[in-house]
Each structure stands twice: as structure tokens, then as C-alpha cells.
Amino acid sequence: MFKKMTQRTVVAYLLILLIVGQAVLPVNAMTVYESDGVYHEEGYIFIGESHSVMAAHAVGMKADEAGNVFHLGDNIDVSYVHLWDSSREVTKDGSGNTFTMRGNLFFVFEGNNPGVDDVLQTSKEYIYSDGNGKRGRGVEKIHEIINNNPNIAHWNIISFHGAVSAAKGSKEIADYYVNSYRNWMTYEFPDADCYFLSVATMTQYYKATSDKNVFNNTVRAAFPDEFLDYTDFYAARSPQRMIDTIHWDHDTYMDLIADVIRKIGQKRQEPDETQMTEVVAEFTITEVQAVLYTNDMTVIYAQPSLESSVILPACEAGIPIQVTGITSNGFFRVCVSPDGTNSYIAGEGLVTMP
């Protein structure tokens with residue numbers, strides 16, 4: 001599950017050139033996912049039903065108070081802008097039903113139009129993937145977010161969908177989720193980390209559910225490393241922090257989202273403790289000063305080794321790069337970081353003329 005962390009520094013002007021001209025495309029008429037044009041090492045996409053709508057609003061309110069940036073500790077910073085208005089769509093009663101988000105945190109849902117949005121986003125088909133290109137609307141939205149945000153290096157996709165489905169108490173429905181989630185990991189989003197939150201089936205909404213545990217237990221058994229169990233979290237807040245039989249107050253959603261992001265950060269760090277320190281072959285450097293240009297083979301590494309951490313996996317051809325040295329093992333040392341940190345490009349990754 002572990003993927004190499006990218007360097008915190010990145011090619012500022014390369015990134016600008018990479019994302020300039022990217023049109024901001026709405027996923028549909030009600031949810032609009034924009035890029036803020038800022039490099040983010042990690043991105044977070046939460047997908048759900050009404051819980052996702054509630055969380056988007058709750059985190060948005062806190063973000064307004066915090067200047068749209070949350071510092072969650074352990075070098076985890078989350079940027080989030082959430083706008084809710086009538087600019088593109090309204091509900092049947094004329095209320096605002098347009099939701100615009102930008103930053104490195106996004107929420108996937110449909111909207112607040114009763115009898116339309118709720119029917120779509122609560123169906124199990126919303127998260128469906130057959131692993132061959134047929135996918136639900138929610139999965140399509142996740143792809144849209146990723147495609148519209150090339151400035152985010154690595155994605156974490158978190159599903160807390162299934163609140164309505166879990167009320168059925170059906171193993172068959174739980175297996176449906178497992179099969180789709182497996183296709184998320186192997187087909188839809190193989191470069192992302194996917195996580196699946198437990199459903200709070202201890203609340204009154206599930207009073208008539210014959211088997212309250214089958215949904216959570218099935219997902220947990222299928223994905224023991226990716227299943228995030230928040231049973232104790234919800235139990236400690238039920239019912240005093242609930243606003244009805246299934247939903248929670250704003251502080252609970254804010255606490256949940258922040259805790260999930262922190263927990264994901266901890267999971268990313270766990271493999272570092274057991275991995276051996278990366279060894280780069282010895283090399284010497286010849287100092288030079290030159291300007292070369294990127295091509296379709298340009299990859300920027302943290303060290304002069306193809307096994308090194310990748311800072312930027314690809315970029316537009318023809319971009320000028322300041323070269324400050326040539327290594328004895330065939331790499332250019334380049335100066336592309338705002339703070340002057342050295343990085344490296346293999347010999348075939350730069351050319352003399354664009």
C-alpha cells in the first residue's frame with residue numbers, strides 16, 4: 001500500500017506551465033471542482049451520501065474561520081474552499097444548489113434537491129465499478145477531480161458511502177460494495193490509496209436493521225488494511241451530538257474528517273520505520289552552467305538514481321531548465337526548486353533545443 005512520498009519542494013514554474021490553460025470543468029451542474037493551482041503533496045477525496053453533504057458544509061464553515069487552511073500536525077496541511085450558492089443550479093424550492101470546491105480536499109455528492117439528488121447519491125450504484133469502464137456517477141466525479149487537479153501529486157480516496165445500504169442488513173449488498181471497491185483499487189485508481197470508513201449503525205436509523213454488523217464486517221474482512229473503524233468515535237458522540245436519527249452536528253463532521261486525514265498520514269509514515277534507507281550509488285559531479293529543455297522523457301528525481309523518489313513524473317516538453325552539474329552516473333543536476341534544493345534528471349530527459 002505504501003507509495004513513495006514526493007519531495008515537498010517542486011518545480012514552481014514548471015507546475016504553473018503544466019496547469020495553465022486547464023479549463024475548470026464542472027463535474028455536473030451542481031458540484032464544481034476547481035484547481036487552486038498550488039502544488040499539494042497529498043489530496044483527499046471523500047465520497048458519501050448526505051453525510052458527505054453535511055461534512056462539506058461543516059468543514060467549509062470551519063475553513064472560513066481558519067483562512068481556508070487547516071494545520072493538522074505532523075506536517076499535514078489541508079487547503080479547502082467551499083462555496084454554496086445559486087450560480088448554476090437551484091433546488092425545486094429555489095434554494096442554492098451549486099457547490100464549488102478547491103484546494104486539496106474535496107467532497108463527492110449530488111446536492112440538496114429532494115427526490116432527485118438524494119435518490120441518486122444514496123443508491124449503491126453511485127460507487128459502482130465493474131473494472132472494465134462501467135462506473136457509477138460518484139466514481140466518475142472522483143476521476144473528474146483527479147483529472148482537473150494535476151497539481152496534486154498523490155490522492156487518498158475515502159468512502160463513507162453506504163449509510164442507506166447498510167440499513168438493509170444484507171450480505172449481498174455488502175459484497176456489491178466490496179467488489180466495486182476492489183475495482184477502485186485495481187482498475188479505477190491504482191495510483192491512489194483507498195480507505196473505507198465504518199458506518200455508524202448504532203444510531204436509531206438502524207433500529208429495524210436485522211443485522212447491523214454485516215456491512216461493516218464484510219468490508220473489514222475484505223480490506224483489513226484500508227478499513228477505518230470509527231465505531232468507538234461515533235458511540236462516544238451518540239446521541240448527544242446527533243441532529244436527527246442518522247446525522248451529526250458540524251463539530252462531529254469536522255472532528256471526523258480531521259481525524260481520518262491524520263490517521264491516513266500515520267499510515268503513510270508507518271512503512272518508513274521498517275524500510276531501509278535508500279542507497280544511491282556513489283558519483284562525482286562536474287560543475288556546469290547551462291540551460292537545457294524538457295522532452296517527453298523528462299522525470300525529475302530527488303537523487304541521481306532511477307530508484308530515487310520522484311519529484312515530478314512528467315512535464316510539458318520544451319520548458320527551459322537550469323543545469324548546474326553533470327553526475328558521473330549520467331544525470332543532470334538541476335535547479336528547479338524555489339528554495340534551491342538540488343534535484344536530478346536522467347541524461348535522456350533534457351535536450352539542447354526545444
Side-chain angles (χ1 to χ4, degrees), residues 1-20 22 33-47 59 63 66-81 101-108 142-158 185 189-195 226 228 257-273 275 277-278 298-303 305-316 319 334-345:
M1 183 186 71
F2 174 73
K3 297 180 177 67
K4 291 182 180 179
M5 297 288 287
T6 56
Q7 294 286 321
R8 293 191 175 280
T9 56
V10 74
V11 188
Y13 65 91
L14 277 181
L15 186 56
I16 292 171
L17 290 172
L18 181 66
I19 64 177
V20 164
Q22 290 281 339
Y33 302 113
E34 299 179 344
S35 171
D36 65 3
V38 177
Y39 174 80
H40 299 283
E41 193 170 280
E42 299 291 333
Y44 307 90
I45 301 173
F46 286 80
I47 178 172
V59 178
N68 301 113
V69 177
F70 299 105
H71 303 289
L72 301 181
D74 295 325
N75 295 316
I76 300 174
D77 292 334
V78 175
S79 176
Y80 181 60
V81 174
M101 291 169 247
R102 72 178 72 97
N104 65 332
L105 172 63
F106 300 91
F107 293 88
V108 172
I142 296 174
H143 278 291
E144 290 282 357
I145 293 170
I146 294 173
N147 292 339
N148 288 345
N149 286 270
N151 52 307
I152 297 179
H154 175 255
W155 290 97
N156 302 278
I157 302 168
I158 306 100
M185 299 166 71
F189 316 110
D191 296 325
D193 287 329
C194 296
Y195 300 93
E226 292 81 16
L228 303 181
I257 300 305
D259 193 75
V260 168
I261 292 174
R262 291 192 192 97
K263 189 166 292 184
I264 289 173
Q266 293 168 2
K267 283 181 170 289
R268 285 199 303 269
Q269 297 300 325
E270 285 171 1
D272 290 343
E273 299 174 1
Q275 282 198 336
T277 303
E278 187 176 277
T298 301
V299 178
I300 301 179
Y301 297 93
Q303 296 292 333
S305 167
L306 298 179
E307 302 302 318
S308 173
S309 299
V310 174
I311 296 177
L312 197 65
C315 63
E316 182 181 338
I319 298 174
V334 297
C335 181
V336 294
S337 172
D339 65 2
T341 301
N342 291 326
S343 48
Y344 300 84
I345 298 174

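Going from atom NZ of Lys267 over to atom OH of Tyr195 covers 6.5 Å, rounded to the nearest 0.5 Å. Rounding to the nearest 0.5 Å gives a distance of 12.0 Å between CD1 of Ile300 and OG of Ser308. Here the CD1-CG distance, from Ile261 to Leu72, works out to 6.0 Å after rounding to the nearest 0.5 Å. Here the OG1-CD1 distance, from Thr341 to Ile311, works out to 8.0 Å after rounding to the nearest 0.5 Å. How far CD1 of Ile345 is from OH of Tyr301: 10.0 Å, rounded to the nearest 0.5 Å. The structure places CG of Leu105 at 8.0 Å from CZ of Phe70, a figure rounded to the nearest 0.5 Å.
Partners of Asn342 under the side chain to side chain donor-acceptor pair (under 3.5 Å) rule, at least two apart in sequence or in another chain, do not exist in this structure. Residues passing the ring-ring contact (aromatic ring centres under 6.0 Å, His included) test with Phe107, sequence neighbours excluded: Phe46, Tyr80.
In this structure, Ala153 and Tyr39 approach most closely via the heavy-atom pair CB-OH, 3.6 Å. Shown here for Pro313 and Val299, the closest heavy-atom pair between the two residues is O-CG2, 3.3 Å. Minimum heavy-atom separation, Asn149 to Gly103: OD1-O, 4.2 Å.
For Asp36 (side chain) and Val38 (main-chain N/O), a donor-acceptor pair under 3.5 Å exists by modelled atom type. For the pair Asn104 (side chain) and Glu42 (backbone), a donor-acceptor distance under 3.5 Å is present.
Two residues are said to be in side-chain contact when any heavy atoms from C-beta on lie closer than 4.5 Å; Met185 and Cys194 meet this criterion. Side-chain atoms of Phe189 and His143, non-hydrogen and from C-beta on, do get closer than 4.5 Å to each other. When side chains are defined from C-beta on, Ile152 does not count as touching Ile145, because their heavy atoms never get closer than 4.5 Å. Residues Glu34 and Val81 form no side-chain contact, since every pair of their non-hydrogen atoms from C-beta on lies 4.5 Å or further apart.
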Notebook entry, point to check: Could you walk me through whether Ile158 and Ile257 pass the side-chain contact (heavy atoms from CB on, under 4.5 Å) check?
Noted result: CA-CA 10 Å; Ile158 306 100; Ile257 300 305; over 6 Å; no
Next item on the list: Evaluate the criterion side-chain contact (heavy atoms from CB on, under 4.5 Å) for residue pair Tyr44 and Ile76; output intermediate values, then yes/no.
Entry: CA-CA 12 Å; Tyr44 307 90; Ile76 300 174; 4.0 Å; yes
